[in-house]
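Let me begin by presenting the structure, written as structure tokens, before commenting on it.
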Amino acid sequence: MPFYVYIIQSLVDGTIYKASSTNPMNRLKMHNAGFSRYTKAKLPCKILYIEQLNSKAEMLIREKNMNKQKHNH
């Protein structure tokens with residue numbers, strides 16, 4: 001099973017959200033349907049970046065490192 005980290009952006013205010021999933025396109029649909037408390041008030045969102053990783057451990061480490069970084073827009 002592939003593992004992914006992804007970055008989405010609110011089309012309302014440009015807010016960036018970084019996370020992980022085994023199915024990022026399905027997660028985007030869930031975000032845009034209002035199922036995420038972090039993005040619910042900033043819909044709709046679009047995918048900016050998807051990266052595939054080989055294991056859940058790699059995915060979680062990559063997500064943690066991505067969230068430590070500031071994203072300038």
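The model shown is predicted, which means the values in this text are computed figures rather than measured ones.
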Quiz item: Would you call the rings of Tyr17 and His31 parallel, tilted or perpendicular, where under 30° means parallel and over 60° means perpendicular?
Solution: perpendicular
Least distance between heavy atoms, [X] atom then [Y] atom:
X	Y	result
Ala19	Glu63	CA-OE2, 3.4 Å
Asn32	Cys45	OD1-N, 2.6 Å
Pro24	Ile47	O-CD1, 4.2 Å

Taking side chain as C-beta onward, heavy atoms only, is [X] less than 4.5 Å from [Y]?
X	Y	result
Lys46	Leu11	yes
Leu43	Val12	no
Met66	Ile7	yes
Lys18	Val5	no

As an exercise, state the distance from [atom1] of [X] to [atom2] of [Y], rounded to the nearest 0.5 Å.
X	Y	atom1	atom2	value
Ser21	Leu28	OG	CG	10.5 Å
Leu53	Arg62	CG	CZ	7.5 Å
Thr22	Phe3	OG1	CZ	7.0 Å
Lys42	Gln9	NZ	CD	11.0 Å
Leu60	Asn65	CG	CG	11.0 Å
Met1	Asn23	CE	CG	10.5 Å

Self-check item: Gln52 side chain to Tyr4 backbone, donor-acceptor under 3.5 Å
Solution: no
Exercise. Report whether Ile50 and Ile8 are members of the same hydrophobic cluster (ILVMFWY, side-chain heavy atoms less than 4.5 Å apart, transitive linking).
Key: yes
